[in-house]
Amino acid sequence: KPVSFSVGLMGGERIYAVDMDAQSVANLPDLHTGTFNLGATWKLAPTARLFVLLGQNRFHSSTSDTDYRLNVAHATLSFDF
């Protein structure tokens, strides 16, 4: 069973996005209108953990006046030394 859970929400609108992993800022050509994600961590061994994140980002294209979604799946396997 998971040892921890995480939930992320972003509402509102933004044109600048920050990637905390890459430490970079992007000026998106489209409007970012929301994000939702769920994560869970499992302890696989005394020194090993697995983190899985599933999410969805929503955008609005000002050039084509359409909405679209970006679905995200991410997994991290980590070891303590």
Side-chain angles (χ1 to χ4, degrees):
K1 76 177 187 181
V3 295
S4 68
F5 291 98
S6 65
V7 175
L9 294 171
M10 192 280 298
E13 298 177 344
R14 67 178 177 172
I15 57 172
Y16 295 101
V18 178
D19 183 337
M20 296 307 291
D21 294 326
Q23 297 292 306
S24 64
V25 177
N27 186 1
L28 301 174
D30 296 339
L31 192 61
H32 190 183
T33 59
T35 297
F36 176 74
N37 58 53
L38 296 170
T41 301
W42 289 267
K43 191 168 187 176
L44 304 177
T47 61
R49 287 184 302 279
L50 174 66
F51 174 71
V52 175
L53 178 80
L54 301 173
Q56 184 178 85
N57 295 286
R58 295 175 182 227
F59 297 90
H60 178 76
S61 172
S62 57
T63 56
S64 63
D65 196 29
T66 57
D67 295 326
Y68 63 96
R69 299 173 184 177
L70 171 67
N71 296 317
V72 177
H74 173 85
T76 302
L77 181 60
S78 61
F79 299 92
D80 297 329
F81 295 98

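These numbers come from a predicted model, not from an experiment.
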Exercise. Nearest 0.5 Å, what's the CZ-OG1 distance between F59 and T33?
Worked result: 8.0 Å

For this session: Indicate yes or no: at least one non-hydrogen side-chain atom of F51 is less than 4.5 angstrom from one of S78.
Result: no

Exercise. How long is the gap from CD on Q56 to CG on N71, to the nearest 0.5 Å?
Worked result: 5.0 Å

Problem set entry | ILVMFWY cluster, V52 and L77 together (side-chain gap under 4.5 Å) | yes

Exercise. Under a 4.5 Å side-chain heavy-atom rule over Ile, Leu, Val, Met, Phe, Trp and Tyr, are V72 and L54 clustered together?
Worked result: no

Problem set entry | Polar side-chain atom of T41 near backbone of V3 as donor-acceptor pair, under 3.5 Å | no

Problem set entry | Rounded distance (nearest 0.5 Å) linking atom CZ of R49 with atom OG1 of T76 | 11.0 Å

Problem set entry | Heavy-atom side-chain proximity of V7 to F36 below 4.5 angstrom | yes

Problem set entry | Distance (rounded to the nearest 0.5 Å) between L53 CG and N37 CG | 4.5 Å

Exercise. Cluster question for you: counting only ILVMFWY and a side-chain heavy-atom cut-off of under 4.5 Å, with indirect links fine, are M10 and L38 together?
Worked result: no

Exercise. Can you tell me how far the OG1 atom of T66 sits from the CG atom of D30, to the nearest 0.5 Å?
Worked result: 7.5 Å

Exercise. In Å and rounded to the nearest 0.5 Å, what is the NZ to CH2 distance from K1 to W42?
Worked result: 13.0 Å

